[in-house]
Structures are given as C-alpha cells and as structure tokens.
J.: 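I am attaching a structure below and will ask some questions about it afterwards.
Residue numbers run from 1 in the order of the sequence given.
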Amino acid sequence: MKKDTTHMLWRAEHLKTILIGEGLLVGIVAGFVVLSYRLLLEVAQKLLNRIIGAGRQQPLVFVLWFLILALLAFVVSRLLRWEPLISGSGIPQLEGEMTGKLNQTWWKVLPAKFAGGFLCLLGGLSLGREGPSIQLGAMAGKAVSRAMDRGKTEEKYLLTCGASAGLAAAFHAPLAGVMFSLEEIHKNFSVSVLICVMTASLAADLISSSFLGFEPVFQFHIGQELEPQFYWHLIILGILLGLAGVFYNWLTLKTQSLIQDNPRLNTFTRLLIPFLLAGVLAIVYPQILGSGHALVMEAASGNLMLWSFALLFVGKLLFSSISFGSGAPGGIFFPLLVLGALIGGAYATFASQWLGLPSGYINNFVLLAMAGYFTAIVRAPITGIILIFEMTGDVSQMFSLSLVSIAAYLVATLLKSRPIYESLLDALLRRRGENVTENTGERVLQEFVVSHGSPAHHKMIQMISWPENCLLVAVRRDGEELIPKGRTIIMAGDTLVTLTDEVHASSVYDGMENLCREKPEEIVKETY
C-alpha cells in the first residue's frame, strides 16, 4: 500500500492509540520468541555441564569435545556468512537501524541469531543472552511491522517495543526494558513511545514469567542498608568502577580490532580461537565458562579470598573479550554484570579486612558494583539502577546505587570514554563500508527533543541552520502541537518532528542530534 505524506501525518495524529495495540502485539510475539531462546540456552548450559562432568570421569570425552567445538565454530561461521548482522550482541545493529544506517533482514536474523546463540553457549563461550534477546525482540517487532505493512516511522516504534520486550523477557525486568529502549535505543522519552514500550515490555515479561517463574534472576539476601558512616566507601568504589569500565571498553574494542581486522584470519579461524580456548578452560577452569550467573552468587557468598576474586576477574575479563571480539553471536551485558559483581566483592572483602567495613556488607557491594560497572561501560545510569533492583528484588539500596553510579559515570566521562555500544556501532559501520538502508522512496518522520544548551535552544526557526533534505513539520510543546513558523522560538523541552526521504534519514538524524543535543559551550554563552 502506498503511504503518501497525508496518510502518514494522519496516522501520526492518532499514533498514541494505534501504538498501544501494536505494542501489545509486539510484546506477545517477542515474549514467546525470547522465552523460546531462554529455554534453549538452559538446555545448552545443562548439556555443557554434563559434558564437563563426563570429561572428568573419562578424559577421552574431552578429546571428542574438542572436535565438536571445531564443528560448532564452523557452523557458526556459516551462519555469520549467511547473515553477518547476527555478530556480537545485536544492540549496535539495532541502534544503526534506528538511525537509518543499517537495514536488518528480520527473517534471516531471527533463525540465525537463535541457532548461533545456542551453539556459542553450548560451546561455553563467555557471552550473555540479553543482547541477542534485545535483537530478537526487535526483529519480532520488525516482523509484525512488515506483516501489517507499516511505514518506516511506525516501524521504528515497533523496533523499540520489541527491544524493550526482549530485555524484559530475558531478565524478568520490565522497567529496565522500558528504560533501556528509551535511553539507549530510541533516545527519546515522548509519551507516544513510552506507552507502547511499556505495554510491550509488560506483555513480554508476563509471558516469560508465566513459564519460568516470577523470582528475581539473582536471589541473595541483602542484610541491611549501608550506614552513613560507610558512604565514603561508595565514592571509592564508584571511582574504581569508572576506571575499570574505561579499561573494559578499551580492551573490548582492542581485542575486536586485533581479531576481526586481522587479514590472516577468516570467519572460521576467528571463531575457532574462543571455541578451542573454551575447551581448554573446560578442563582447567570451568568456572569462567558461559555467562557467569554462578559467579555472582559465589561473589555474594562471602567465601572467596582476594586472590580468588582477582583470578576469576582476570580470567573472565580476558575470555569474555576474546569470545566477543571473535564476532560470535552473543552479548556483553550479562558478563559485564558478573565482572562488576567480582569487583564489588573484591573491594568489600579488602575493606572488611583492612578498612573496618563490616563483612555483612559484602552482598551490598556486589549489588552496587554491578550497577556502577554497567553505568561506566554503557553510560545508561537509570537503566543500570532499575535493572539491578529488578534482578535482585531489593529496593533498599536506591541511594547507594545512585551514588556509586554517579561516581562511575563521572570518572568515565572525564576520561572521555565513549559508551560501548556507540563505539561498537562505529566499528561495525567502518567494517561494512558505512552501509545504508535501501531507498524505497518512502517518507520518514523523526522526533528530537531539544536540550538546554543545545544550538537550537532559544532560537527562532528562521535563524537555525537546518540539515539538508529536512522539513520541520511540527513543534510539540506542553502537550500541544504548534505549526512551525519562521519566527517561532524553539525552547528546551520541545519535541521537533521532521520529515525526510528514507535515503536521507541517516544524515538528517545526525544533523538534528547535533542541533538538539546539549553542548556545554552554549550554556556558558547563555550564562555570560
């Protein structure tokens, strides 16, 4: 069906109501997709545990296992050649599609990511389920969009709904799903997207929890809230997490570059490295295989020595970097939470031995460090805080979570470390030669929120240098829609609605982001 500008603007006027129903449908579809993926990964983990157990009884099992690992690497390499966009977590690919720089084929991504994620976890690679779940959920949203013949503008809302539903179903964290999709994927907090995303997230979480239970992902007891006289530990922990997060981002990108940009390695040999390494670790150090859920519980037990924390952290960090750097289908989300838990447990153990911190607070610091480490790496503090209290079922640490996250965020920002998913998207686009979406001639509506201190703030429309091929069609302010005129003054908090051709959507997006994003130098000019 042809979607002319009149039809698109009519749907935009009724979008809030339309998106509630569509968000519910996407949430149901994505919920079942991600539920199936989680069940499949549980099967993979059980099979891996049985193989390791059998290998300890009969060493010849490990010889056969190495041959199977090589076969798994070969199969995954074929999946990657068939659909390269299943590589890694899938979150950078989704962000690229949201900005018009990539175009994923949903019917290829869904089965390839499903199979690739299962085989990588079966092999024991240190990868998470959350990134693939987000990508699978988003592709479920895209499938719904294509089935209903929706336009590109509406499709982006459904992609966001699917991403939110994917995270909610993966971690039993519906609020974190909403915040992550808005904070990291859509980068817009408009009412239209908020309502449909909440609907999708809650629907997916209900479906997943009905089959897998409503218990939190991490079930360990937080004894008591940290007393004020120990708050100075939170600042130190936040600084350490910020530094560790900066190093993690550097190591992840460096490892990915060393492996994927090496001309002597093809897709198969790149994957063979972590698969064979997983075989070695299955014999000598199986604790760091897989996503690492058991390590969080072990860190919170209070039974580990400092050297144990250090050995587990170094081993998990290096193996996670190699697993992800190879391009294998799987995420960094859960492994980085595990690394954060190890840092928190190590600091609390050290502080209880040398700095007078009661040992009963070890669980607190494990929880706090997961949120702080996530914030330093991803640079999404609200998502990190909400995610941790949903995954643990404990809301008593909100002040401490916020303080650690702020400290970690500031350190990472001052050291000019970019958010990891933005860096990964840039690397992906470079390797693909800045691939863009196909030109179907369709018009695309995009929304941008004006920040204080942005170049567009407090300026008349006629005085602003707008991106080429961009038409400003509406200014939304305080729930009302203004018709833009030359002398209309743009204010902070306004939502600008632009219209452009699909082929120019990416460049218009970048230009509008520069216009609407806060720039400290503009604030200084206004102050003086």
Side-chain angles (χ1 to χ4, degrees), residues 88-96 99 101 126-128 130-131 134 179-180 183-185 187 234-261 313-314 316-325 331-344 346-347 368-385 387-388 401-431 451 453 510 513-514 517-521:
S89 71
I91 295 174
Q93 290 89 319
L94 179 55
E95 291 187 352
T99 58
K101 297 172 181 176
S126 182
L127 299 167
E130 74 306 314
I134 290 171
M179 289 309 305
F180 183 80
E183 197 173 21
E184 185 66 24
I185 304 298
K187 301 184 187 298
L234 301 179
I235 303 298
I236 297 176
L237 179 63
I239 293 172
L240 292 175
L241 292 169
L243 295 172
V246 171
F247 178 74
Y248 177 92
N249 286 1
W250 174 84
L251 180 63
T252 299
L253 295 170
K254 188 68 174 179
T255 305
Q256 186 185 68
S257 177
L258 288 173
I259 297 177
Q260 296 195 29
D261 295 338
F313 178 81
V314 172
K316 189 69 175 174
L317 176 64
L318 294 177
F319 186 47
S320 296
S321 298
I322 294 171
S323 297
F324 186 78
I332 59 173
F333 208 107
F334 200 97
L336 72 83
L337 293 179
V338 175
L339 291 170
L342 292 172
I343 293 174
Y347 177 82
L368 298 173
M370 285 193 287
Y373 200 53
F374 176 88
T375 298
I377 293 169
V378 181
R379 218 65 55 79
I382 300 175
T383 298
I385 293 170
L387 178 67
I388 295 307
L401 282 169
S402 301
L403 188 56
V404 169
S405 297
I406 290 172
Y409 185 97
L410 287 175
V411 170
T413 301
L414 290 173
L415 292 176
K416 299 181 179 180
S417 174
R418 294 184 65 199
I420 186 63
Y421 291 123
E422 290 184 12
S423 300
L424 291 172
L425 174 59
D426 287 347
L428 174 64
L429 293 174
R430 283 197 303 272
R431 292 188 182 95
S451 301
D510 291 339
E513 278 287 290
N514 288 331
R517 187 185 301 148
E518 175 185 335
K519 295 188 176 180
E521 63 268 20

J.: Between Asp261 and Arg431, is there a side-chain heavy-atom distance shorter than 4.5 Å?
T.: yes

J.: Looking only at non-hydrogen atoms, find the nearest pair between Gln256 and Ala427 and report the distance.
T.: OE1-CB, 3.8 Å

J.: Just wondering, do Ser402 and Ile385 contact through their side chains at under 4.5 Å, heavy atoms?
T.: yes

J.: Counting C-beta onward and ignoring hydrogens, is there a side-chain heavy-atom pair between Ile91 and Ile185 closer than 4.5 Å?
T.: yes

J.: Rounded to the nearest 0.5 Å, how far apart are CG of Leu337 and CG of Leu342?
T.: 11.0 Å

J.: In Å and rounded to the nearest 0.5 Å, what is the CG to CG distance from Leu251 to Leu318?
T.: 6.5 Å

J.: Shortest non-hydrogen contact from Ser321 to Thr255?
T.: O-CG2, 3.4 Å

J.: What is the minimum heavy-atom distance between Ile343 and Ala244, and which atoms define it?
T.: CD1-CB, 3.8 Å

J.: Can you find a pair of side-chain heavy atoms, one from Phe374 and one from Thr383, that are under 4.5 Å apart?
T.: yes

J.: Given side chain to side chain contact (heavy atoms under 4.5 Å, CB included), test Asn249 with Arg418 step by step and report yes or no.
T.: CA-CA 8 Å; Asn249 286 1; Arg418 294 184 65 199; over 6 Å; no

J.: Quick one: do Ser89 and Phe324 satisfy side chain to side chain contact (heavy atoms under 4.5 Å, CB included)? Show the steps, please.
T.: CA-CA 8 Å; Ser89 71; Phe324 186 78; 4.3 Å; yes

J.: Going from CG on Leu240 to CD1 on Ile235, what distance comes out if it is rounded to the nearest 0.5 angstrom?
T.: 11.5 Å

J.: Write down the atom of Ser423, the atom of Leu253, and the distance for their closest heavy-atom approach.
T.: CB-CD1, 3.6 Å

J.: How far does CG of Leu424 sit from CD of Glu95, to the nearest 0.5 angstrom?
T.: 9.0 Å

J.: Please evaluate residues Phe180 and Ile382 with respect to the criterion side chain to side chain contact (heavy atoms under 4.5 Å, CB included), reporting the C-alpha separation (whole Å), side-chain torsions for both, the decisive distance (0.1 Å), and the verdict.
T.: CA-CA 8 Å; Phe180 183 80; Ile382 300 175; over 6 Å; no

J.: Do Thr413 and Arg379 pass the side chain to side chain contact (heavy atoms under 4.5 Å, CB included) test, and can you show the C-alpha distance, the side-chain angles, and the key distance before you say yes or no?
T.: CA-CA 9 Å; Thr413 301; Arg379 218 65 55 79; 3.7 Å; yes

J.: Roughly how far, to the nearest 0.5 Å, is the OG atom of Ser417 from the OH atom of Tyr248?
T.: 12.0 Å

J.: If you measure from the Lys or Arg side-chain nitrogens to the Asp or Glu carboxylate oxygens, is any gap between Lys101 and Asp510 under 4.0 Å?
T.: yes

J.: Of all heavy-atom pairs between Ala376 and Gly242, which one has the smallest distance, and what is that distance?
T.: CB-CA, 3.9 Å

J.: Could you report the tightest heavy-atom contact between Leu317 and Leu339, atom names first, then the distance?
T.: N-CD2, 3.7 Å

J.: Drop me the distance from Leu336's CG to Thr252's OG1, to the nearest 0.5 angstrom.
T.: 8.5 Å

J.: A side-chain contact here means heavy atoms from C-beta on lying under 4.5 Å apart; do Leu368 and Tyr373 qualify?
T.: no

